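These figures come from a predicted structure and were not determined experimentally. All ligand and atom numbering here is 1-based and tracks the order in the structure.
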Amino acid sequence: MRSGVAASLLLTIFLVIFLSATPVEPAVASIDLGSEWMKVAVVNLKPGQSPISIVINEMSKRKSPALVAFNAGNRLVGEEAAGITARYPSKVYSQVRDMIGKPYQYVKDMIDSLYLPFDLVEDSRGAAGFKTDDGVVYSAEELLAMILRYGMSLAESHTRSPIKDAVIAIPPYFGQTERRGVLQAAQLAGINVLSLIHEHSGAALQYGIDKDFSNESRHVIFYDMGSRNTYAALVYFSAYNAKEFGKAVSVNQFQVKDVRWKTNLGGQNMELRLVEHFADEFNKQLGNGVDVRNSPKAMAKLKKQVKRTKEILSANTMAPLSVESLYDELDFRSTISREKFEELCDDLWEESLAPVKEVLKHSDLKVNDIYAVELIGGATRAKLQEFLRRKDLDKHLDADEAIALGSSLLAANLSDGIKLNRKLGMIDGSSYGFMLN
Ligand SMILES: Nc1ncnc2c1ncn2[C@@H]1O[C@H](COP(=O)(O)OP(=O)(O)OP(=O)(O)O)[C@@H](O)[C@H]1O
Ligand SMILES: [Mg+2]
């Protein structure tokens, strides 16, 4: 519940950005910890390396699956874990970030709705424990620690030196329990968390750091539709006059005015609509009363291929679906039009606009008062992007990388060894109060 009583935490940070060539100190990292994907950036002053970069994983990808798996006594993370999802769906833990700080029943309902066949047990805290084939029970925090450790190891491979310090980006709707859970996971992973940062503030830093607002203040909405969650943040960029060493200077800053969200609404919900559609079609083809939904392996295979179909549909009017040996050695082939897909997700498109409409309503601003709507998050590439663009809205940031890159600026600013020389004030607050018990 949003706290109307407790004063929100206001955080003002001045970033002093750009990198000086003072002594080479250990690098710092930032992690945009998504429910499905993790994006990692580093700041380091190694000669020959760009000072701020998104790190690539072992498959040369700029985002990595936020997954951990246990198979035949081995722990697999990221791409390796993704590689066995369709074969061993019960062994590959996904959506871990969104299970942090949640009660057992919430996690149980969530995995059931996503056809994830995990062996869950309720632990003494009333949280979900994840039981592996070896009988070991891990908490969500422990699983998340393994995923975060993987992120840091990618950063370390990039700089070829150990990295301890990081800023971790979290969604705005995380309450204190979730935030504490992330910090615990980071501690287990041996990460020194310089700060948590809201995802939208990471994106706002990236947006504002190379701009000058002294002649023009502006409202920008950052709209993020990821895999499971959607939010819109209204951010006001401006500048004020100050004196530095007796000289008048103009200092840029931003203030987060409002954030509205819809949890359980993202690209994955659209995928699930396709999964249900194709499951029905396959059941009909079987025609013997069998429901393919009862086979976790079949559902994992179907989900994997549906993801491809969905991505093809974002650029084409028709897309195929092909699943080899979906069920009982039977292959399944089908097609779907974009029109049908849009019809299946009709209510979701409308819902996905709600956070933008809400921030406008609560701020008394009109679409024309907004300088730009910056789209971040993978799922905004789908139909929604067209929809927003039709309203003359903008997109300057890299949808996948803005949060991690902006968060790395804060990591650099908070580090001991990296000196930066451009200022951007950040004012953001938690929507939730602290609990006093
Ligand atoms: N080309 C594309 N067309 C349609 N959807 C896409 C495309 N590329 C990525 N997506 C979708 O974007 C989503 C992933 O986005 P993102 O990487 O922002 O997620 P996340 O940060 O892990 O999730 P969240 O922030 O909600 O926890 C997935 O649902 C994916 O299918
Ligand atoms: Mg995200």
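Proximity to Asn229 (heavy-atom distance under 4.0 Å) selects the following atoms of ligand 1: 26 (O), 27 (O). Every atom of ligand 1 is numbered from 1 in the order shown, and the set under 4.0 Å from a heavy atom of Ser314 is 1 (N), 2 (C), 3 (N), 4 (C). Listed by number with element, the atoms of ligand 1 under 4.0 angstrom from any heavy atom of Gly34 are 20 (P), 21 (O), 22 (O), 27 (O). Listed by number with element, the atoms of ligand 1 under 4.0 Å from a non-hydrogen atom of Glu271 are 29 (O), 31 (O). Atoms of ligand 1 found under 4.0 Å from any heavy atom of Glu36, numbered from 1 in the order shown, are 22 (O), 28 (C), 29 (O). Annotation for ligand 1: atoms under 4.0 Å from non-hydrogen atoms of Lys310 are 5 (N), 11 (C), 29 (O), 30 (C), 31 (O). Against a heavy-atom cut-off of under 4.0 Å, Arg97 is close to the following atoms of ligand 1: 27 (O). Near Gln268, with a cut-off below 4.0 Å to any heavy atom, the atoms of ligand 1 are 29 (O).
The distance from atom CG of Leu148 to atom CG of Leu143, rounded to the nearest 0.5 Å, is 11.0 Å.
Within the 4.5 Å cutoff, the side chain of Glu178 has no heavy atoms near those of the Tyr173 side chain. At a threshold of 4.5 Å between non-hydrogen side-chain atoms, the residues Glu358 and Pro355 do not count as touching.
Of the candidates Thr263, Asp224, Val359, Leu265, Tyr231 forms a side chain to side chain contact (heavy atoms under 4.5 Å, CB included) with just one, namely Asp224.
Arg179 places a side-chain N or O within 3.5 Å of a backbone atom of Phe174 that can act as its donor or acceptor partner. Put simply, the side chain of Thr309 gets close to the backbone of Pro320: a donor and an acceptor are under 3.5 Å apart. Although no hydrogens or angles enter the test, the distance criterion places no donor-acceptor pair under 3.5 Å between the side chain of Asp165 and the main chain of Ala411. When atom types are taken as modelled, the side chain of Ser35 and the backbone of Gln95 share no donor-acceptor pair closer than 3.5 angstrom.
Of all the heavy atoms of Lys63, the ones lying under 4.0 Å from any atom of ligand 1 belong exclusively to the side chain.
For a threshold of 3.5 Å applied to N or O pairs, the pair formed by Met225 and ligand 1 contains no separation below that value. Polar contact with ligand 1: absent for Asp224 (N/O pair, distance under 3.5 Å).
The cationic group of Lys211 lies under 6.0 Å from the six-membered ring centre of Tyr207 and within 45° of the ring axis, placing it in a cation-pi geometry.
The nearest non-hydrogen atom to atom 25 (O) of ligand 1, considering only Gly226, Gly377, Gly378, comes from Gly226.
Put simply, no part of Met270 is less than 4.0 Å from ligand 1, judged by heavy atoms.
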